[in-house]
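Read through the structure below, which is laid out as structure tokens, and then see the notes.
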Amino acid sequence: MLISRRKFINQSASIAAGYSVLANTQLHVANKVMTVNGWMDAAKMGFALSHEHILVDFIGADKVDSSRYDAEEVFQTALPKLLFAKEGGCKTLMECTPAYLGRDVRLFQRLSKASGLNILTNTGYYGAAGEKYLPAHAYTETAEQLAARWITEWVKGIDNSGIKPGFIKSGVDKYPLSAVQQKIVGAAALTHLATGLTIGIHTGDGKAAMEELRIIQSYGVKPEAWIWIHAQNEKDRELHTRIAKAGGWVSFDGVSNDSMADCLDFLKTMKSGNLLDHVLLSHDAGWYHVGESNGGTYHDYNTISDKLIPAMKQKDFTQTEIELLFSANPAKAFTIKTRKK
Ligand SMILES: [Zn+2]
């Protein structure tokens, strides 16, 4: 990780210079997503969990390094959880841990092959949590230079692995966004325009989501290319419906026993507004915690299959609606496609 990062810094000037060459690098393949094992028909995605984690290291951008954990131990810890998710019907899992928080794409590829689950990883920077997970160059470089780094991961693969991102993952805190947070949202918009990767942004509250929407639209990106991650942080349903009506994806990705009632109420609101086709659901669960004994508490990915879906059926959600939420919507949301105004 350290070596590749140093290499990135050395390359940054040439990457920036080559930005115009890298623009429009999207391969025009219809209805495909990008997994850690390469292109896949979006229709094959099946039951998908759109926001989960396998490995996270909260040490901070200045100290994070793959030498801080034993990849074999993480593999042995995560594999049974992934197999259990598969037993629950899951076919595809989006791993949402960004760079500088422990993203380990070779580990994900190995776990994907061993479990048979499709796994998508990401590019982009996480500017939430007081910006503890941003590398120093995020402050000094322009949005175009940051985008050039992320576009390079799409073109060449991540950390010399050849493994490509399946989406952009960034993060911001509550409104108002800081200057660097605004910049990384802009960089995400530029990366989308050049690659067709969907933009997912960890978001502190609904007002911050509205600001993200304004920024990406100012770059000419359609709301359909953007996922409001952690929409459950906002309790004002009016903002959920407003963003879904604008075309954005509203992601309630904190499904747990504790949030079950809130989630069902959210779904009821979205259903009554005919907006279920703009909703994503997931647990934000897992994961191996680097620095904790045996990785700490690793939560499973099965609350949706075991509890939420049965509860939805009791509330008269149809099988068609359930398939829309867990298969059709993720397939559409994560399809590689430039969505430009
Ligand atoms: Zn998360």
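Counting starts at 1 for both ligands and their atoms, following the listed order.
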If only atom types and distance count, is the side chain of Ser256 paired as donor or acceptor with the main-chain N or O of Ser259 below 3.5 Å? yes
Could you tell me whether any N, O or S atom belonging to Cys96 is less than 2.8 Å from the Zn ion (ligand 1)? no
For N/O/S atoms only: which one belongs to Asp284 and is nearest the Zn ion (ligand 1)? OD1
Check for me whether Lys169 meets the cation-pi criterion with Tyr126, that is, NZ or CZ under 6.0 Å from the six-membered ring centre and within 45 degrees of the ring axis. no
Output yes if His51 passes the N/O/S-under-2.8 Å test against the Zn ion (ligand 1); output no otherwise. yes
Mind telling me whether His202 and His230 have parallel, tilted or perpendicular rings, with 30° and 60° as the class edges? perpendicular
Assess whether a salt bridge exists between Asp277 and Lys332, defined as any Lys/Arg side-chain N lying under 4.0 Å from an Asp/Glu carboxylate O. no
